[in-house]
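Written out below as structure tokens is the structure these notes cover.
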There are 2 protein chains.
Amino acid sequence: MPRTIRSDKAANLVAPKTPRPASAKAVRPSAKVVKPAAASVEQVDTRYLQSLMGYNARRAALSIIELFLDRLAPYGLKPVDFSVMSTIGHNPGVTSRQLCAALNLLPPNLVGLIQSLEARGLIERKPHPHDGRAVGLHATSKGQALMVQAEQTATELETEKTAKLTPAERKTLLSLLQKIYL
Amino acid sequence: MPRTIRSDKAANLVAPKTPRPASAKAVRPSAKVVKPAAASVEQVDTRYLQSLMGYNARRAALSIIELFLDRLAPYGLKPVDFSVMSTIGHNPGVTSRQLCAALNLLPPNLVGLIQSLEARGLIERKPHPHDGRAVGLHATSKGQALMVQAEQTATELETEKTAKLTPAERKTLLSLLQKIYL
DNA sequence: TATTGTTATACTCTATAACTATA
DNA sequence: TATAGTTATAGAGTATAACAATA
């Protein structure tokens with residue numbers, strides 16, 4: 001059964017703009033307090049998590065991926081499919097192992113993905129010129145045509161998602177992120 | 001069965017530093033070409049993917065989370081457990097729904113998590129002062145003590161992972177990421 | 001002996017529908 | 001009628017071990 005409904009994800013992404021500190025120690029009961037029972041929270045304070053790079057990178061990535069799934073669905077491509085197809089397209093003859101190393105994937109998880117792309121006529125497997133064990137992967141003309149459209153859609157979607165950033169900020173952000181994982 | 005071995009993940013993260021362009025169109029067969037068969041790839045070119053914010057944000061996030069899993073394992077906390085515990089700690093009396101909205105989680109996926117934290121004696125559930133349907137979540141003294149250590153470990157780990165960034169760059173990166181998902 | 005691609009499989013993560021108790 | 005919390009469950013994602021063919 002395909003995943004279709006996206007429901008309240010957008011609403012969940014609405015975060016508090018100006019949270020008020022609510023530390024346990026900071027709550028000093030005054031003499032006028034009527035209900036000494038359990039306290040309630042008005043605005044959730046997530047400032048500590050927002051100081052963590054991992055949290056922010058993950059939230060930003062999921063925010064972009066959410067839109068990516070919608071926009072690339074017409075092409076039948078999920079993020080990993082897209083990354084694999086794009087890398088094959090830009091590296092004709094690349095092997096599965098090379099894809100795994102470049103995209104940080106595990107070989108067993110790539111098998112079904114490659115088979116699916118081949119079954120759809122988007123890629124072809126040719127014998128590797130130097131290594132009899134390996135198989136070279138090549139995008140078909142159909143696959144190339146699909147990826148021209150898909151990459152354009154992805155670029156547009158990214159422009160929308162980074163609309164609050166200036167071109168300079170966008171370039172800076174890409175560079176800083178790569179300083180973390182490369 | 002717990003996940004223990006991490007194997008070649010680190011090796012997979014080693015990405016090409018100076019990829020050579022290998023576009024299909026750019027390959028112009030000269031008259032001296034001996035093997036007109038399938039081509040092979042030396043260095044995988046991932047420059048297009050590296051121009052996408054979603055790709056870079058995801059790779060950076062996974063890189064940090066990988067270390068996070070190792071360092072926080074002694075506390076029995078995965079990223080989501082950590083986020084939930086931290087948010088409860090800084091927001092005594094917060095409800096499940098508020099946690100879901102603030103952290104972009106789905107209610108059904110939070111139930112088992114909360115029950116687990118309660119069973120470990122890290123949090124307590126108290127009746128909500130204003131809403132009979134809701135339950136206020138509170139960190140126990142044991143949970144508070146754990147999170148003091150856990151948050152310190154997380155902060156240290158993040159400092160290591162962002163060691164290539166200056167403090168100013170780190171602050172800039174956090175700010176730019178929040179411009180995407182907030 | 002080491003590596004490529006593969007199979008089988010298990011665990012985790014994420015998502016949906018539907019129910020109850022209360023507002 | 002709408003919302004908070006819950007249950008059950010399905011699907012996707014991620015991980016390990018082990019194997020055959022080739023280097």
Side-chain angles (χ1 to χ4, degrees), chain A residues 1-12 40-41 58 61-62 65-66 68-70 73 76-84 93-101 103-118 123 125-137, chain B residues 1-12 40-41 58 61-62 65-66 69-70 73 77-81 83-84 93-118 123 125-137:
Chain A
M1 199 180 297
R3 198 60 41 77
T4 51
I5 306 177
R6 186 93 24 204
S7 71
D8 56 345
K9 285 288 289 296
N12 285 344
S40 64
V41 174
R58 178 151 203 273
L62 289 175
I65 289 171
E66 182 184 19
F68 187 100
L69 289 170
D70 284 344
L77 296 175
K78 277 172 290 188
V80 188
D81 308 314
F82 178 88
S83 297
V84 167
V94 71
T95 69
S96 289
R97 284 284 168 170
Q98 288 178 312
L99 282 177
C100 286
L103 304 178
N104 197 22
L105 304 174
L106 292 173
N109 300 332
L110 195 57
V111 175
L113 206 155
I114 295 291
Q115 288 176 345
S116 174
L117 295 174
E118 188 183 25
I123 62 171
R125 295 150 53 107
K126 301 181 182 177
H128 193 279
H130 307 315
D131 192 335
R133 299 167 300 181
V135 177
L137 303 173
Chain B
M1 201 177 295
R3 197 62 40 77
T4 51
I5 306 177
R6 188 94 24 207
S7 71
D8 56 346
K9 283 289 288 298
N12 284 344
S40 64
V41 174
R58 180 152 202 273
L62 288 176
I65 289 171
E66 182 185 20
L69 288 171
D70 284 344
L77 296 175
K78 277 173 290 188
V80 188
D81 307 313
S83 298
V84 167
V94 70
T95 69
S96 288
R97 284 285 168 170
Q98 286 178 314
L99 282 176
C100 287
L103 304 178
N104 198 22
L105 303 174
L106 292 173
N109 300 332
L110 195 56
V111 174
L113 206 156
I114 294 292
Q115 288 175 346
S116 173
L117 295 175
E118 188 183 24
I123 62 172
R125 295 150 52 106
K126 300 180 183 177
H128 193 279
H130 307 315
D131 192 334
R133 301 167 299 182
V135 177
L137 303 173

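Lettering of chains follows the sequences in order, A, B, ..., and the numbering in each one begins at 1. Below, each value reflects all heavy atoms present in this structure, side chains not excepted, and no hydrogens, waters or symmetry copies.
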Sugar-phosphate, base or nothing in reach of A:V135, heavy atoms under 4.0 Å: sugar-phosphate
Sugar-phosphate only, base, or nothing, as touched by B:Q115 at under 4.0 Å among non-hydrogen atoms: sugar-phosphate
Partners passing side chain to side chain donor-acceptor pair (under 3.5 Å) against A:R125 (at least two apart in sequence or in another chain): none
Nearest-Å distance, [atom1] ([X]) to [atom2] ([N])?
X: A:L106; N: C:dT7; atom1: CG; atom2: C1'; answer: 15 Å
X: B:L105; N: D:dG5; atom1: CG; atom2: P; answer: 13 Å
X: A:L110; N: D:dT14; atom1: CG; atom2: P; answer: 12 Å
X: B:E118; N: D:dG5; atom1: CD; atom2: P; answer: 13 Å
X: A:L99; N: C:dT6; atom1: CG; atom2: P; answer: 12 Å
X: B:R97; N: D:dT6; atom1: CZ; atom2: P; answer: 10 Å
X: B:H128; N: D:dT3; atom1: NE2; atom2: P; answer: 16 Å
X: A:L103; N: D:dT14; atom1: CG; atom2: C1'; answer: 15 Å

Close side-chain approach of A:K78 to A:L69, heavy-atom, < 4.5 Å: yes
Close side-chain approach of A:S96 to A:L137, heavy-atom, < 4.5 Å: yes
Could you work out, with side chain to side chain contact (heavy atoms under 4.5 Å, CB included) as the rule, every residue matching [X], not counting sequence neighbours?
X: A:N109; value: A:L106
X: A:T95; value: A:R97, A:Q98, A:H128, A:A134
X: A:V80; value: A:V84, A:L105, A:L113

Closest nucleotide among [options] to the [X] side chain:
X: B:N109; options: C:dC13, D:dT7, C:dA15; answer: C:dA15
X: A:P108; options: C:dT14, D:dT7, D:dA17; answer: D:dA17
X: A:R125; options: D:dT6, C:dT6, C:dC13; answer: C:dT6

Shortest non-hydrogen separation from A:P79 to A:I65 and the atoms involved: CG-CG2, 4.0 Å
Restricting to nitrogen or oxygen on both sides, can you table the protein-nucleotides 19-23 of chain C pairs closer than 3.5 Å?
unit_1, atom_1, unit_2, atom_2, d
C:dA23, OP1, B:G132, N, 2.9

Nearest-nucleotide comparison on DNA chain C, the residue closer to the 5′ end among A:R58 and A:T95: A:T95
OP1 or OP2 of D:dG13 under 4.0 Å from side-chain N/O of A:K78: yes
